Protein chains: 2
Amino acid sequence: MNIGDVAALSGLPAKTIRYYEDIGLVKPLRSTNGYRTFRESDAHKLAFLGRSRALGFSIEDCRNLLALYEDEERASAEVKDIAEQHLERIDDKIAELKKMRAALAHLVDACAGDHRPDCPILADLAINTTKHRDEEQFENTA
Amino acid sequence: MNIGDVAALSGLPAKTIRYYEDIGLVKPLRSTNGYRTFRESDAHKLAFLGRSRALGFSIEDCRNLLALYEDEERASAEVKDIAEQHLERIDDKIAELKKMRAALAHLVDACAGDHRPDCPILADLAINTTKHRDEEQFENTA
DNA sequence: GATAAGGCTTCCCCTTGCTGGAAGGTCAAC
DNA sequence: GTTGACCTTCCAGCAAGGGGAAGCCTTATC
């Protein structure tokens with residue numbers, strides 16, 4: 001099948017599929033007119049990649065997972081290891097976002113959000129900065 | 001002061017500060033030897049930017065926040081609006097990561113992680129392809 | 001004065017994972 | 001024979017900088 005067919009099947013944009021070929025994740029055949037020709041196995045791989053990416057795995061993780069997927073002799077421990085590391089990265093990211101969220105939510109709550117200029121959000125972002133004290137300062141040339 | 005000094009003060013790498021000048025966030029002077037010369041106000045802006053970025057605001061958000069910060073006539077509502085939109089994006093991201101996390105944790109738990117090749121993680125990643133191929137299974141597993 | 005260390009400059013490429021567009025070849029239909 | 005939908009390649013670019021080269025500038029020490 002052509003790239004449009006496999007794009008529809010896998011749910012991936014054609015551009016993405018070409019990119020995946022570029023970086024060696026899939027290796028479709030070529031027909032005489034130069035068009036890529038995808039086998040069933042290619043379609044499976046692409047769907048596999050789509051699912052892996054949807055779980056947030058990096059391209060390199062996907063490459064490794066795909067290799068394990070195709071290796072009938074793999075040890076499930078190898079797969080689990082990749083997944084656990086990814087899980088950890090996700091947890092780190094969630095923790096970081098939650099910290100941001102907490103700080104930001106606090107500021108948003110404190111801000112009146114009206115026509116007046118007083119704003120605790122800006123005040124917090126400006127902590128340690130002496131406001132506009134330097135406006136009249138002469139140039140400190142080196 | 002030179003870029004190294006303001007880098008130490010603001011906690012931002014010199015590279016980042018040059019980049020911020022490139023995109024017009026700060027406009028340091030130049031001394032005769034070609035070195036950038038930062039005023040107090042530049043240092044304040046950079047610290048402001050560092051804190052805004054630490055809260056996850058995009059560069060464009062930062063640009064707008066900085067403009068509001070310098071505008072004595074601003075309405076706090078404008079600031080709050082930017083912050084609230086950002087809060088929403090953070091929440092979306094957290095929700096997405098949590099969904100990933102849940103799916104992944106479930107798979108990791110199900111995987112023995114031993115020397116055997118049987119792996120529920122790979123099985124799941126391959127599910128859409130196999131489903132499409134042989135089993136037209138009902139995926140309505142609640 | 002010479003030299004070495006460190007700071008500063010610009011320049012361009014690299015990253016991640018694609019996405020868009022231009023310029024053009026191919027194919028099926030009318 | 002001419003649309004129009006596909007397909008091809010290559011080039012550019014996004015966020016938000018990071019790395020490192022090649023080359024000035026400054027300061028300290030001998």
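To find a chain, count down the sequence lines: A is the first, B the second, and so on, and within it residues start at 1. Everything numeric in this text was worked out from a predicted model, so none of it was measured.
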Below 4.0 angstrom, which residues in residues 81-101 of chain B have at least one non-hydrogen atom near DNA chain D?
none
Rounded to the nearest 0.5 Å, what separates atom CG in A:L68 from atom SG in B:C119?
8.5 Å
Name the nucleic acid region contacted by A:I23, choosing base, sugar-phosphate or nothing; use a 4.0 angstrom heavy-atom cut-off, strictly under.
nothing
Hey, does A:R36 reach any base, or is it just sugar-phosphate, or nothing, if we go heavy atoms under 4.0 Å?
sugar-phosphate
Separation of [N] [atom2] from [X] [atom1] (nearest whole Å):
X: A:M1; N: D:dC7; atom1: CE; atom2: C1'; answer: 16 Å
X: A:L29; N: D:dT8; atom1: CG; atom2: P; answer: 13 Å
X: B:I17; N: C:dT9; atom1: CD1; atom2: C1'; answer: 15 Å

Let me have a per-nucleotide readout for nucleotides 11-18 of chain C, 5' to 3', with B, S or -, counting only protein heavy atoms under 4.0 Å.
B-----BB
Test: A:E21 and A:K27 ion pair at under 4.0 Å:
no
With salt bridge (Lys or Arg N to Asp or Glu O under 4.0 Å) as the rule and sequence neighbours excluded, what pairs involving residues 94-107 of chain B come up?
A:D91-B:R101
Mapping B:I3 and A:T32 to their closest nucleotides on DNA chain C, which lands nearer the 5' end?
B:I3
Side-chain N or O of A:N33 closer than 4.0 Å to phosphate OP1/OP2 of C:dC27:
yes
So does A:R18 get a side-chain nitrogen or oxygen closer than 4.0 Å to the phosphate oxygens (OP1/OP2) of C:dG20?
no
For A:Y35 and for A:R30, find the nucleotide of DNA chain D with the closest heavy atom, then tell me which residue's nucleotide is more 5'.
A:Y35
From the options A:H44, A:R39, A:K45, select the one residue that forms a side chain to side chain donor-acceptor pair (under 3.5 Å) with A:D42.
A:R39
Between A:V108 and B:L87, the two heavy atoms sitting closest are CG2-CD2, 4.4 Å
Donor-acceptor check, side chain of B:R51 to backbone of A:L125, threshold 3.5 angstrom: yes or no?
yes
Does B:R53 form a salt bridge (Lys or Arg N to Asp or Glu O under 4.0 Å) with B:D61? I'd like the steps, not just the answer.
CA-CA 9 Å; B:R53 293 285 301 136; B:D61 278 349; over 6 Å; no
Under 4.5 Å between side-chain heavy atoms, counting indirect links through other Ile/Leu/Val/Met/Phe/Trp/Tyr residues: same cluster for B:L25 and B:V79 or not?
yes
Which is it for B:F38 and B:D5 under the side-chain contact (heavy atoms from CB on, under 4.5 Å) test, yes or no, and what are the steps along the way?
CA-CA 9 Å; B:F38 295 84; B:D5 307 317; over 6 Å; no
